[in-house]
Amino acid sequence: MYQLICIVGARPNFMKIAPVIEAIKNETKCIDVKLVHTGQHYDESMKHQFFEQLGIPEPDIDLEVGSGSHAAQTAEIMKRFEPVMDDLSADAVLVVGDVNSTIACALVAVKKGVPVIHVEAGLRSNDRGMPEEINRVLTDQISDLLYTTERSAENNLVREGIAAERVRFVGNVMIDTLKKHLTRATPANDTLNSIPGGDKLIAENQGFALLTMHRPSNVDEEETLKPLLETIALASKQIPIVFPVHPRTASKIKEFGLSGLISNANIITTGPMGYMELLGLMSSAKLVLTDSGGIQEETTALGVPCITLRENTERPITVEQGTNTIVGANSQLIFDTVQEVLSTGGKQGRQPELWDGQAAVRIARDLEQWFKGRNA
Ligand code: UD1
């Protein structure tokens, strides 16, 4: 058996690893998976309900690193992952996405001479001020096998000197998860009924917009967060907004004394949500406002208009073929785009190539051949 260590750490990793582990179990005969959770995200709302809802096996090992500065968190993951690698004698380490856990574990593996496999490789915002961009570039440079979600990713990788034969365009594992669970998603009204103010929103029956926002570039500085929230408060006059608040954002709203901006507007807030609840809300929303990478892709797969509160995207296919519009932090543009989407229904979009629910199956089959090829 080939020993494969799969890594998860933060919330968006869970949706990506679930179909990969399942496909390896169903499609291959000679790969044994060990799951390591770094503990980057640790709260019940940020971790446990995802494992349950997505049927991810309990991690074999939890490194329990918790939060910290980028350096402290990355270093702690590396320190704690190294002895685990020694114990497990892995043949390869598989990482997903672009969070600190991704680069930390990839770096430990490559320094031990163990090949790294990166799922969701090659995405580039070309914005080095974004922590995830650094994680993407570095992880790809030290990966042996790189699975991509859209064709533009391979061009990015080749431009950075990565050999094309190591790159495989397989589609989007996060969309595998979405397609698998969509029919079982929690109905939006059930979720709204459980949020204070949600019953009023259902009774008014005019639909709602969904907002998520957690990027450091949007929430960490008062000069950015305050005008953004003011604009969103203004937009909520056009359509009620449902806002599940990420812990990072919640602590900044409190620190800067901005809660009044939200409570005085047509916005209802709640804590971070489980996957099934968010999927149900997303699929019923008239539009989604977000700075998340994953939600740009999920809205494209759902055909729901997405307004992205960032200056750029590493996922250009969601703009070129999907339902995504990039507006940055420009108040007028945000307001006008909300108005336009509400009056026109927004971009129709179409399903990007290979976002068909089978990406993880393609990965599992390819991975088995890759392991066999290395042994031959
Ligand atoms: C991380 C990822 C980001 C991803 C996001 C999804 C990096 C660099 N960033 O950002 O790419 O989009 O996850 O959520 O890896 N906290 C809790 N409970 C938790 C986890 C965090 O309260 O379970 C709070 C802590 O105050 C912590 C803060 O959230 O300091 C930020 O957490 P962290 O994991 O450092 O970064 P995220 O902003 O979540």
Side-chain angles (χ1 to χ4, degrees), residues 7-17 37-52 54 59 62-78 80-81 95-107 118-121 123-125 127-139 174 177 211-221 224-225 243-256 269-275 277-278 282 288 290-299 306 308-310 312-315 318:
I7 306 293
V8 288
R11 193 166 58 164
N13 294 164
F14 305 140
M15 291 83 102
K16 294 169 193 166
I17 211 69
H37 179 39
T38 65
Q40 177 174 346
H41 284 174
Y42 44 88
D43 280 348
E44 175 68 27
S45 62
M46 301 292 276
K47 182 206 155 198
H48 295 284
Q49 51 179 335
F50 286 83
F51 275 69
E52 254 175 57
L54 301 177
D62 189 338
L63 304 177
E64 297 181 345
V65 293
S67 301
S69 69
H70 283 277
Q73 188 176 61
T74 309
E76 199 56 42
I77 296 168
M78 291 180 70
R80 294 188 192 194
F81 184 49
V95 295
V96 295
D98 55 15
V99 301
N100 286 344
S101 301
T102 309
I103 177 63
C105 293
L107 201 45
H118 188 200
V119 174
E120 200 191 82
L123 297 179
R124 296 290 180 269
S125 65
D127 172 6
R128 294 266 167 124
M130 189 182 184
E132 293 81 1
E133 182 76 353
I134 306 298
N135 295 342
R136 293 180 197 119
V137 170
L138 298 181
T139 303
M174 207 183 53
T177 295
L211 166 69
T212 81
M213 192 165 61
H214 73 284
R215 292 262 152 245
S217 56
N218 277 338
V219 306
D220 278 6
E221 306 296 332
T224 316
L225 183 57
F243 182 18
V245 190
H246 186 281
R248 172 189 285 278
T249 314
S251 80
K252 293 294 172 186
I253 290 174
K254 195 164 167 224
E255 184 185 331
F256 305 144
T269 59
T270 172
M273 277 188 184
Y275 181 76
E277 289 77 15
L278 196 70
M282 218 177 343
V288 175
T290 193
D291 61 8
S292 152
I295 290 178
Q296 294 172 54
E297 295 183 335
E298 289 168 335
T299 45
C306 179
T308 295
L309 307 170
R310 285 176 44 192
N312 48 51
T313 182
E314 61 287 337
R315 293 160 160 93
T318 61

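Fair warning: this is a prediction, and the values are worked out from it, not measured in the lab. In listed order, ligands and their atoms are each counted from 1.
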Novice: Do me a favour and list the nearest non-hydrogen protein atom to atom 16 (N) of ligand 1 with residue, atom name and distance?
Specialist: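 Looking at atom 16 (N) of ligand 1, the protein heavy atom closest to it is Tyr42 OH, 3.6 Å.
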Novice: Would you mind reporting whether Arg11 and Pro272 have side-chain heavy atoms less than 4.5 Å apart?
Specialist: yes
Novice: Which of the numbered atoms in ligand 1 are below 4.0 angstrom from a heavy atom of Met46?
Specialist: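 Here the atoms of ligand 1 in question are 19 (C), 23 (O).
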Novice: Give the residue and atom name of whichever protein heavy atom lies nearest to atom 18 (N) of ligand 1, and the separation in Å to one decimal.
Specialist: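 Checked against all protein heavy atoms, atom 18 (N) of ligand 1 sits closest to Asp43 OD2, 2.9 Å.
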Novice: Kindly compute the distance separating OH (Tyr275) from CE (Met282), expressed to the nearest 0.5 Å.
Specialist: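 Going from the OH atom of Tyr275 to the CE atom of Met282 covers 6.5 Å.
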Novice: To check your reading of the model: name the closest protein heavy atom to atom 24 (C) of ligand 1, its residue, and the distance in Å.
Specialist: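 Of the protein heavy atoms, Pro247 CB, 3.8 Å lies nearest.
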Novice: Say you draw a straight line from OG1 of Thr318 to CD of Glu298; how long is it, rounded to the nearest 0.5 Å?
Specialist: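 If we round to the nearest 0.5 Å, Thr318:OG1 and Glu298:CD are 12.0 Å apart.
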Novice: Using side chain to side chain contact (heavy atoms under 4.5 Å, CB included), reason through Val8 and Phe51 one step at a time and then give a plain yes or no.
Specialist: CA-CA 11 Å; Val8 288; Phe51 275 69; 4.2 Å; yes
Novice: To the nearest 0.1 Å, how far is atom 3 (C) of ligand 1 from its closest protein heavy atom, and which atom is that?
Specialist: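 Sorting protein heavy atoms by distance from atom 3 (C) of ligand 1 puts Glu132 OE2, 3.1 Å first.
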Novice: Which atoms from ligand 1 have a heavy atom of His246 less than 4.0 Å away?
Specialist: 14 (O), 37 (P), 38 (O), 39 (O)
Novice: Have a look at His41, Met130, Arg248 and point out the one with the heavy atom closest to atom 39 (O) of ligand 1.
Specialist: His41
Novice: If you measure from each non-hydrogen atom of Pro12 to ligand 1, which part falls under 4.0 Å: side chain, backbone, both or neither?
Specialist: side chain
Novice: Got the closest protein heavy atom to atom 4 (C) of ligand 1, with its distance?
Specialist: His214 NE2, 3.7 Å
Novice: To which of Ala104, Ser67, Pro272 does the heavy atom nearest atom 26 (O) of ligand 1 belong?
Specialist: Ser67
